[in-house]
Protein chains: 2
Amino acid sequence: MNERSARRLARLADTLAQGGSLRLADAAALCGVSEMTIRRDLAAGDGELTLMGGHLVRAGDPRYAPVYDLDDQRDRQAAAKRRLCRRAVERVEEGDTLFIDCGTTLMPLVAELANFRELTVVTYALNVANAVARLPHLRLVLLGGVYHASSQSFGDEAVDAAIARLGINRAFLSAAGLHPRHGLSCFHFHEVAPKRAAIATAGERILVADATKLGVIRPARFAELEEVDLLVTDAREGDMEGLQGPRVLHG
Amino acid sequence: MNERSARRLARLADTLAQGGSLRLADAAALCGVSEMTIRRDLAAGDGELTLMGGHLVRAGDPRYAPVYDLDDQRDRQAAAKRRLCRRAVERVEEGDTLFIDCGTTLMPLVAELANFRELTVVTYALNVANAVARLPHLRLVLLGGVYHASSQSFGDEAVDAAIARLGINRAFLSAAGLHPRHGLSCFHFHEVAPKRAAIATAGERILVADATKLGVIRPARFAELEEVDLLVTDAREGDMEGLQGPRVLHG
DNA sequence: CAATCAGTGTTATTTTTCTAACATTTTCTG
DNA sequence: CAGAAAATGTTAGAAAAATAACACTGATTG
């Protein structure tokens, strides 16, 4: 996926941040491109946005999640994420204190945590917090602040201090872009501070990123590749050339 | 619309109560009728359910969807609480920064805020935060910390400092007990710190409490009656004897 | 019992959405 | 700048959904 394509997707995601839907034609007009281009953007995207009968909606919105069948095309991406998270959770040990980043990539990870007895989860994302709160035996620490609908997360200048006070064993990070020379980047600048704080504090830094993130640069750069210890991805060896730094776990 | 038609719609609405979508074919199978019948049901119905590209979803622009809380609906006092909150919201002015306490009492208040253009809501409760996050024009500040499932709220020792940094116009407080001599109390000790911090900072302190809270003492005492400026309640004059301090608004 | 009518199913037609193919424009590269 | 590659637009056809038309069923009623 290319730069402009991603920018359009981000803009649309922002528009739909509070939920709701957008007709494909309106989305195209909003971005000043043809409907076909929006379709292609969606196909190349990470599945956060999805098309339902000509209407663009947030895939994560429980309002539109299918009750019954799961045979959607969109599910392909979701299946990849589940697979990656299943690999990633192998690193977790009983008693850990985990940091979980925002976005949709790491949502399946929370589901995988249900089998642990004693875990503390630290996050600044509302969707992650809601998922964790449903698991009664997990301890949850939410880093507060001003809410950013675009990423469903909180943050302010106090987040560094708040994270520093915690003893985090493992940080699970997500990134919208992962580039050999430009390192790790995300869409929103407000995500940078908590990500950096987590990287600084955590014992082990684990990045989970599907193949579509590879070779991509996003506006907000938050770390170098060398700053993470492990990369969990479904990208094949061929796609990884020039990527140095983390050990790689293929999902 | 006829009896059976309404019954099918009710059943489908029930299936989608928790959100989610249903393909028309599945909906038809679920009701044991043809797709065409479902289409006709929907056309005759009240528009609660709608068809989006072959998928049945709960209708209306979710952006302005009413904020429902499941706990709230189970609550016998729900109607009273809604009435009290409608009275309480009269105090709110455009541009305010509001503190909203935890519990179910103040949940209807959030729904009432949908019509304001410019508000900032400060809270330490997960249920309140989720409700506010769905309203686009509202700014949300969540006070983070360790999650307490018992009250669906967060809190730690840093909450005082976090609240003190904010300029709060009006604090909407809830209490589990309200007693002439023993003042205001709640169930959980972890609620005391944020409540006290809000009382200390806010310009106007508004306590919302239905009649069942009157004359009751709970384990965690957090304030005196005199520390709130206004009490919104449905209790009758007779029940209020000995209650001194706040001005009273009857809902 | 025939006529009627509401409720539903079936089929056909129109409209919309999706997909693929190819044309055009823009951006990159040597 | 020429040529290649990428991005986007346009068009046409396939698939799916929405609508309309008509047929069937079973109950009601005069």
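Below, read A as the first sequence line, B as the second, and so on, with proteins coming before strands; counting in each chain starts at 1.
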[X] [atom1] to [N] [atom2], straight-line distance once rounded to whole Å:
X	N	atom1	atom2	value
B/I38	D/dT19	CD1	P	15 Å
A/H55	D/dA17	NE2	P	13 Å
A/L56	C/dT17	CG	P	13 Å
A/L9	D/dT8	CG	P	11 Å
B/L42	C/dT8	CG	P	13 Å
A/E35	D/dT10	CD	P	11 Å
B/R7	C/dT8	CZ	C1'	17 Å

Check this for me: [X], atom [atom1], are more than 12 non-hydrogen atoms of other residues, nucleotides or ligands nearer than 6.0 Å?
X	atom1	value
B/R165	CZ	yes
B/E118	CD	no
B/R86	CZ	yes

Note to self: Could you tell me if the side chain of A/L143 sits less than 4.5 Å from the side chain of A/T123, heavy atoms only?
What the structure shows: no
Note to self: Let me spell it out: for each of A/M52 and B/V33, pick the nucleotide of DNA chain C with the closest heavy atom. Which residue's pick is nearer the 5' end?
What the structure shows: B/V33
Next item on the list: Give a yes-or-no answer on whether the side chains of A/H179 and A/S185 include a donor-acceptor pair shorter than 3.5 Å.
Entry: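 No, A/S185 and A/H179 have no side-chain donor paired with an acceptor closer than 3.5 Å.
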Margin query: Aromatic contact between B/F154 and B/Y147, with the criterion being ring centroids under 6.0 Å apart: yes or no?
Written below: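 Ring centres of B/Y147 and B/F154 closer than 6.0 Å.
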Check: Could you run down nucleotides 20-30 of chain C 5' to 3' and tag each one B, S or - for protein heavy-atom contact under 4.0 Å?
Finding: BB-----S---
Next item on the list: Determine: side-chain N/O of A/R8 to OP1/OP2 of D/dA7, distance under 4.0 Å, yes or no.
Entry: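 So the side chain of A/R8 is outside the cut-off, no N or O lying under 4.0 Å from OP1 or OP2 of D/dA7.
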Next item on the list: For C/dG9, take OP1 and OP2 only and decide whether either is under 4.0 Å from a side-chain N or O of B/T37.
Entry: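 So the side chain of B/T37 is within the cut-off, an N or O lying under 4.0 Å from OP1 or OP2 of C/dG9.
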Item checked: Rounded distance [0.5 Å steps], CG in A/L49 versus CG in A/L56 -> 5.0 Å
Considering only side-chain heavy atoms of [X], which listed nucleotide, [options], is closest?
X	options	answer
B/L24	D/dG9, D/dA18, C/dC18	D/dA18
A/S34	C/dT17, C/dT8, D/dT10	D/dT10
B/R39	D/dT19, C/dT8, C/dC18	D/dT19

